[in-house]
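Keep in mind that what you see is a predicted model, and the values were worked out from it rather than measured.
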Number of protein chains: 2
Amino acid sequence: MTSSYKEKKVIGIGIVHELTGLSERKIRYYEERELIFPARTAKGTRKYSFSDVEMLMEIASMREEGVQTTEIKQDMNKAQKRKIRDHMRRGQLNAQFNMRK
Amino acid sequence: MTSSYKEKKVIGIGIVHELTGLSERKIRYYEERELIFPARTAKGTRKYSFSDVEMLMEIASMREEGVQTTEIKQDMNKAQKRKIRDHMRRGQLNAQFNMRK
DNA sequence: CGTGTAAGGAATTCTGACACG
DNA sequence: CGTGTAAGGAATTCTGACACG
C-alpha cells in the first residue's frame with residue numbers, strides 16, 4: 001500500500017526549487033538523467049512528491065562531492081536491488097513461518 | 001513536532017481541485033469564510049497542505065448535506081476545543097505520573 | 001558533463017465584479 | 001448565501017537552443 005502523502009505527486013517545480021534550493025534547470029536535468037521521475041498533469045506541468053524532493057536533496061549532496069549523475073544512478077540501482085532482495089527475503093521468512101503454523 | 005508532510009503547504013489550487021473535485025471558486029470561497037487557511041508564496045499564489053485537502057473534503061460532504069459554512073465553522077471550533085481539552089488532560093495525567101516517580 | 005540564460009508560447013492563478021437566487 | 005463566469009493582468013512552466021568548459 002504505497003499511497004501515503006510522501007509518494008503523491010502534487011508539488012510544482014517552483015516549490016521544489018524552494019524546498020531544495022536547486023535551480024529549475026538542475027531539477028529538470030536530473031530528470032533527463034533519469035534520477036527522478038516526476039508525474040505530468042494533463043497539460044504537461046511536472047509534479048513531484050516529497051519522496052522526489054528527498055531524492056533531490058541526496059542528489060544535491062552527492063553532486064557537491066563531485067559524484068557524476070551516472071554514478072548516482074548506479075548507486076540508486078544498487079540501493080533498489082538491495083531493497084528488493086530484502087523484500088524477498090522477508091517474504092521467504094513469512095512463507096516459512098506460515099508453513100509451521 | 002508538527003512538521004510532517006501532511007501539514008506542509010506545497011500544493012497549488014489546480015491540484016487541490018483535482019484531488020477534491022471542488023471548483024477553484026469554491027476552494028477560494030471556503031478560505032474567505034475562514035474554513036481553510038492556505039499559505040501564500042512570495043508572489044501571492046495559494047499553497048495548500050494535505051491536511052487542507054482533507055478538510056476540504058469534509059467541508060464538501062457537509063455542504064452536500066446542506067450545512068452552511070457558518071455552521072461548519074462552529075463545528076470546527078468545537079472540534080478544536082475538544083482537541084485542546086484532551087491535550088490538556090493528557091498533560092495533567094503526565095504531570096501526575098511524573099510526580100509519582 | 002553540468003548548468004546558466006534569453007526566447008516565445010502556453011497554461012495557471014489572482015482579484016474584483018456582475019449574476020442568480 | 002453559495003457559486004458560476006467573463007476580464008485582464010501577473011506569474012509559472014515548458015521546450016529547444018546556444019554558451020562555456
At a heavy-atom distance below 4.0 Å, what parts of residues 27-45 of chain A sit against DNA chain D? A:R28, A:R40, A:G44, A:T45
Strand-adjacent residues in residues 55-77 of chain B, judged by heavy atoms under 4.0 Å from DNA chain D: B:R63, B:Q68, B:T69
Applied to residues 74-89 of chain B, the salt bridge (Lys or Arg N to Asp or Glu O under 4.0 Å) test, sequence neighbours excluded, yields B:D86-B:R89
Gap between atom CD of B:E71 and atom CZ of B:R63 - 0.5 Å precision: 9.5 Å
Nearest-Å distance, CZ (B:R46) to P (D:dT12)? 14 Å
My understanding is that only residues two or more places apart in sequence, or in another chain, count here; which of them pass side chain to side chain contact (heavy atoms under 4.5 Å, CB included) with A:R33? A:Y29, A:L35, A:T69, A:T70
Transitive ILVMFWY cluster of A:I84 at side-chain heavy atoms under 4.5 Å: who else is in it? A:M88
Atom CD1 of A:I13 and atom C1' of C:dT3 are separated, to the nearest Å, by 14 Å
Quick test of your reading: applying ring pair (Phe, Tyr, Trp, His ring centres under 6.0 Å), list the pairs with at least one residue in residues 52-89 of chain A, sequence neighbours left out, ordered by first then second residue. none
Sequence neighbours left out, cut at 3.5 Å: what donor-acceptor pairs do the side chains of residues 42-62 of chain B make with other protein atoms?
unit_1, atom_1, unit_2, atom_2, d
B:T45, OG1, B:T41, OG1, 3.3
B:R46, NH1, B:E31, OE1, 2.8
B:S49, OG, B:S51, N, 3.3
B:S49, OG, B:D52, N, 3.1
B:S49, OG, B:D52, OD2, 3.2
B:S51, OG, B:E7, OE1, 3.4
B:S51, OG, B:E7, OE2, 3.3
B:D52, OD1, B:K9, NZ, 3.3
B:D52, OD2, B:K9, NZ, 2.8
B:D52, OD2, B:S49, N, 2.9
B:E54, OE1, B:K6, NZ, 3.3
B:E54, OE2, A:Y5, OH, 2.1
B:S61, OG, B:M57, O, 3.3
B:S61, OG, B:E58, O, 3.0

Mind checking what makes side-chain hydrogen bond (donor to acceptor under 3.5 Å, both in side chains) contact with A:E32, not counting sequence neighbours? none
Of A:K26 and B:Y48, the one whose nearest nucleotide on DNA chain C sits closer to the 5' end is A:K26
I need the full list of ring pair (Phe, Tyr, Trp, His ring centres under 6.0 Å) pairs touching residues 52-79 of chain B, with sequence neighbours left out, sorted by first then second residue. none
Restricting to side chain to side chain contact (heavy atoms under 4.5 Å, CB included), what partner residues turn up for B:E34, sequence neighbours left out? B:F37, B:K73
So what's the dot-bracket for DNA chain D: Watson-Crick or G-U pairs under 3.5 Å, [ ] if a pair crosses, | if it pairs off-strand? .||||.||.|.|.||.||||.
Could you list the protein-to-nucleotides 5-10 of chain C atom pairs, N/O on both sides, closer than 3.5 Å?
unit_1, atom_1, unit_2, atom_2, d
C:dT5, O4, A:R25, NE, 3.3

